[in-house]
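What follows is a set of notes on a single structure, which appears directly below.
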Amino acid sequence: GEAADVIRSQNIGDAIVSPVELFQNDKTTAISGDYFVLCPGNPTRTIDLENTKGVKLRFPRHEIYKLPLFFDDNSIITLSQKEICYDIWVDPLISGGPFFISDRLANALENAGLKKAFRLRPTASLID
């Protein structure tokens, strides 16, 4: 709930933070607590495919890529982010679920003690 509040407090554009109900494996026993699903949306080209090491074409017939499973901080290279107006977005050419957040949202999550929960990792930009 706290994370949902922090995310909603930012400029999230078409992103969705929606409450969900979770159940045990028996599909009838509810799991207590407040849980939310995050759909980042806001597709924006982000990854510098030529300069990020380990990026691979995921589907031969489509221009869809995957990032390396393990990577160091700042090893993902991004394009200039000056045009991005939202605090959370996805790169439409990258599959597998990674999403990107602005420094403003990252700071808000860190100030709320949620940096580790989101496994935030810094990226680097060749052009700024």
Side-chain angles (χ1 to χ4, degrees):
E2 183 180 2
D5 290 341
V6 170
I7 292 168
R8 286 186 186 130
S9 74
Q10 304 298 309
N11 180 7
I12 63 171
D14 291 331
I16 297 168
V17 179
S18 182
V20 294
E21 192 172 359
L22 300 180
F23 294 89
Q24 297 287 346
N25 287 339
D26 64 12
K27 299 179 184 176
T28 57
T29 307
I31 297 173
S32 63
D34 295 327
Y35 298 95
F36 296 81
V37 64
L38 169 63
C39 300
N42 305 310
T44 306
R45 282 277 291 117
T46 303
I47 299 295
D48 183 330
L49 297 170
E50 293 179 16
N51 292 300
T52 298
K53 294 179 182 172
V55 173
K56 295 183 179 170
L57 192 61
R58 176 164 249 163
F59 302 109
R61 296 183 194 189
H62 305 284
E63 189 180 1
I64 301 293
Y65 299 86
K66 62 181 178 177
L67 296 177
L69 184 57
F70 300 103
F71 54 88
D72 297 326
D73 289 355
N74 297 309
S75 66
I76 302 297
I77 309 300
T78 59
L79 303 168
S80 175
Q81 301 303 306
K82 292 178 183 176
E83 304 82 27
I84 293 178
C85 58
Y86 300 114
D87 289 317
I88 189 165
W89 67 94
V90 296
D91 185 323
L93 297 183
I94 304 297
S95 70
F99 60 90
F100 300 87
I101 63 174
S102 67
D103 289 342
R104 180 176 46 231
L105 178 51
N107 290 333
L109 289 168
E110 189 168 357
N111 290 338
L114 298 166
K115 181 178 180 177
K116 287 185 181 179
F118 278 84
R119 298 183 197 164
L120 299 180
R121 305 287 298 273
T123 62
S125 179
L126 294 179
I127 306 168
D128 255 343

Heavy-atom distance under 4.5 Å between the side chains of I88 and F100, does that happen here?
no

Looking at side-chain heavy atoms only, is the closest gap between N74 and T123 below 4.5 Å?
no

When you measure from the side chain of N51 to the backbone N and O of I77, does any donor-acceptor pair fall under 3.5 Å?
no

Note: I64 and P92 closest approach over all heavy atoms is CD1-O, 3.8 Å

Hey, quick one: are W89 and L105 part of the same hydrophobic cluster, counting side-chain heavy atoms closer than 4.5 Å, chains of contacts allowed?
no

Y35 vs E21 side-chain heavy atoms within contact, under 4.5 Å
no

ILVMFWY network linking L22 to F36, side-chain heavy atoms under 4.5 angstrom:
no

Does some side-chain heavy atom of F71 sit less than 4.5 Å from a side-chain heavy atom of I76?
yes

Just wondering, are more than 12 heavy atoms of other shown residues or ligands nearer than 6.0 Å to CD in E50?
no

Does I16 reach the side chain of L38, with side-chain heavy atoms less than 4.5 Å apart?
no

Between R45 and L79 the two heavy atoms that sit nearest each other are NH2-CD1, 4.0 Å

Expected list for residues 53-63: side-chain donor-acceptor pairs under 3.5 angstrom, two or more places apart:
unit_1, atom_1, unit_2, atom_2, d
R58, NH1, S95, OG, 2.6

Would you check if I7 and I101 make a side-chain contact, meaning some heavy-atom pair closer than 4.5 Å?
no

Hey, is the main chain of S75 close enough, under 3.5 Å, to the side chain of D72 for a donor-acceptor pair?
no

Please collect all salt bridge (charged side-chain N to carboxylate O under 4.0 Å, His left out) contacts where either partner lies in residues 104-113, sequence neighbours excluded, each pair once.
D87-R104

Does F70, at its CZ atom, have more than 12 non-hydrogen atoms belonging to other residues, nucleotides or ligands within less than 6.0 Å?
no

Whether F99 and F118 hold their rings parallel, tilted or perpendicular, with breakpoints at 30° and 60°:
perpendicular

Please determine whether residues I12 and V37 belong to a single hydrophobic cluster, defined as Ile, Leu, Val, Met, Phe, Trp and Tyr linked transitively by side-chain heavy-atom distances below 4.5 Å.
no

Taking atom CG of N25 as the centre, report whether more than 12 heavy atoms of other residues, nucleotides or ligands fall under 6.0 Å from it.
no

Find the distance between CD (E2) and CG (D34) and round it off to the nearest 0.5 Å.
12.0 Å

Distance-minimising heavy-atom pair for Q10 and A108:
NE2-CB, 3.9 Å

Answer whether the closest heavy-atom distance between the side chains of I94 and P98 falls below 4.5 Å.
yes

Would a 4.5 Å heavy-atom cut-off, applied to side chains only, mark V90 and N42 as touching?
no

